[in-house]
Amino acid sequence: MENLTKRLTARNIAVMGLLLAGQIILTNFLSYQVLTLRISFTFIVTYLLAAWFGPLLGGIGSVLSDLVGTILFSKGGTFFWGFTLSAFLGAFFYGLVFYKKPFTLPRIIIAVLINVIVIDLLLNTFWLVLMYQSPWTIIYARGIKDLFLIPIQIMLLYIVGNNKQIQRLGKRL
């Protein structure tokens with residue numbers, strides 16, 4: 001607990017706030033969504049949040065981002081706790097894989113596969129089936145989307161994670 005409170009400095013809270021705002025903006029304004037499919041670059045900000053602040057703070061930050069985004073920008077949908085759990089778990093897994101650990105391609109692949117297959121494809125599809133009584137066949141369309149997104153996410157995380165400016169900022173936090 002002491003380590004957690006040491007990381008909650010004014011500067012770190014400000015950086016976390018900016019990252020949460022980035023998650024909200026990317027999710028609600030800079031994503032493409034058709035029915036049960038959403039394409040977004042939110043995973044980049046989630047990676048930064050979890051890699052810089054760890055699994056627990058990253059997960060809590062993603063929960064806050066999901067709640068605030070839902071409250072402020074719900075497009076006629078309703079709040080569903082399952083997606084909030086998915087937001088927590090996605091950041092939590094990024095934190096487990098990247099926080100205070102070497103940034104390597106195998107780690108990127110593991111983190112992306114966990115987030116895309118376990119969280120997005122399986123868990124989020126389950127939430128959609130529960131919420132809207134959708135048939136499980138929506139998993140096929142979501143799976144095709146995820147097959148295209150896996151290499152894109154791996155490539156983008158590799159680029160972002162190897163950016164020298166981003167690495168320097170992460171070390172200062």
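- In this structure, the separation between CG on L20 and CD1 on I60 is 11.0 Å, given to the nearest 0.5 Å.
- Taking hydrophobic clusters as Ile, Leu, Val, Met, Phe, Trp and Tyr residues chained together by side-chain heavy-atom distances below 4.5 Å, L130 shares a cluster with I138.
- For the atom pair CG of L49 and CE of M16, the computed distance is 5.0 Å after rounding to the nearest 0.5 Å.
- Within the structure, no pair that satisfies the side chain to side chain donor-acceptor pair (under 3.5 Å) test touches residues 148-163, not counting sequence neighbours.
- Judged by distance alone, with hydrogens and angles left aside, the side-chain atoms of K101 form a donor-acceptor pair with the main-chain N or O of L96 at under 3.5 Å.
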- Message: Run the side-chain contact (heavy atoms from CB on, under 4.5 Å) test on I139 and L122 for me, step by step, so that the C-alpha distance in whole Å, both residues' side-chain angles and the decisive distance to 0.1 Å come before the verdict.
- Response: CA-CA 8 Å; I139 200 166; L122 297 176; 4.1 Å; yes

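- Of all heavy-atom pairs between A91 and S62, the closest is CB-OG, 3.3 Å.
- Closest approach of S86 to N124, counting heavy atoms only: OG-OD1, 2.7 Å.
- Under a hydrophobic-cluster definition in which Ile, Leu, Val, Met, Phe, Trp and Tyr are linked whenever side-chain heavy atoms come within less than 4.5 Å, directly or via other members, L48 and I13 are assigned to the same cluster.
- Shortest non-hydrogen contact noted between P102 and R107 is O-CD, 2.8 Å.
- With sequence neighbours excluded, no residue forms a salt bridge (charged side-chain N to carboxylate O under 4.0 Å, His left out) with D146.
- Using a 4.5 Å cut-off between side-chain heavy atoms of Ile, Leu, Val, Met, Phe, Trp and Tyr, F148 falls into a hydrophobic cluster with I144.
- Between G95 and A50, the shortest heavy-atom distance links the atoms N-CB, 3.3 Å.
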- Query: For F83 and L128, what are the C-alpha separation, side-chain angles and deciding distance, and is it a side-chain contact (heavy atoms from CB on, under 4.5 Å)?
  - Reply: CA-CA 9 Å; F83 294 115; L128 289 168; 3.8 Å; yes

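- Scanning for side chain to side chain contact (heavy atoms under 4.5 Å, CB included) contacts around L85 gives W81, L89, W127, with sequence neighbours left out.
- Hydrophobic clustering (side-chain heavy atoms under 4.5 Å, transitive across Ile, Leu, Val, Met, Phe, Trp, Tyr) keeps Y94 apart from L18.
- We find the CD1-CG distance between I108 and L156 to be 10.5 Å, quoted to the nearest 0.5 Å.
- Under the ring pair (Phe, Tyr, Trp, His ring centres under 6.0 Å) criterion, F126 pairs with no residue at all, not counting sequence neighbours.
- Scored by the side chain to side chain contact (heavy atoms under 4.5 Å, CB included) test, L113 finds I109, I117, I150 as partners (sequence neighbours excluded).
- Connection of I71 to F80 is not established within any shared hydrophobic cluster, with ILVMFWY side chains joined at heavy-atom distances below 4.5 Å, either directly or through further cluster members.
- G90 and T46 make their closest contact through C-CG2, 4.5 Å (heavy atoms, listed as atom of the first residue, atom of the second, distance).
- Partners of F98 under the ring pair (Phe, Tyr, Trp, His ring centres under 6.0 Å) rule, at least two apart in sequence or in another chain, are Y47, F103.
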- Task: Show the numbers, then the answer: is there a side-chain contact (heavy atoms from CB on, under 4.5 Å) between F43 and L149?
- Result: CA-CA 11 Å; F43 68 94; L149 288 181; over 6 Å; no

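- Within the structure, salt bridge (Lys or Arg N to Asp or Glu O under 4.0 Å) pairs that include any residue of residues 118-138 comprise D120-R142, D120-K145 (at least two apart or interchain).
- Using a 4.5 Å cut-off on side-chain heavy atoms (C-beta onward), V15 and F53 make contact.
- Note that the CD1 atom of I166 and the CD1 atom of I44 stand 8.5 Å from one another [nearest 0.5 Å].
- In this structure a side-chain-to-backbone donor-acceptor pair under 3.5 Å is present from T125 to L121.
- The ring pair (Phe, Tyr, Trp, His ring centres under 6.0 Å) test applied to F92 returns F88, not counting sequence neighbours.
- With sequence neighbours excluded, the residues forming a side chain to side chain contact (heavy atoms under 4.5 Å, CB included) with D66 are T70, F79, T84, A87, listed by chain and number.
- Partners of V68 according to the side chain to side chain contact (heavy atoms under 4.5 Å, CB included) rule, which considers only residues two or more places apart in sequence or in another chain, are I24, L72.
- Residues V112 and L157 meet the side-chain proximity criterion, which asks for heavy atoms closer than 4.5 Å.
- Annotation: ring pair (Phe, Tyr, Trp, His ring centres under 6.0 Å) contacts of W136 (sequence neighbours excluded): none.
- Between Q167 and G161, the shortest heavy-atom distance links the atoms NE2-O, 2.9 Å.
- Linking Ile, Leu, Val, Met, Phe, Trp and Tyr residues whenever their side-chain heavy atoms come within less than 4.5 Å places F93 and L105 in a single cluster.
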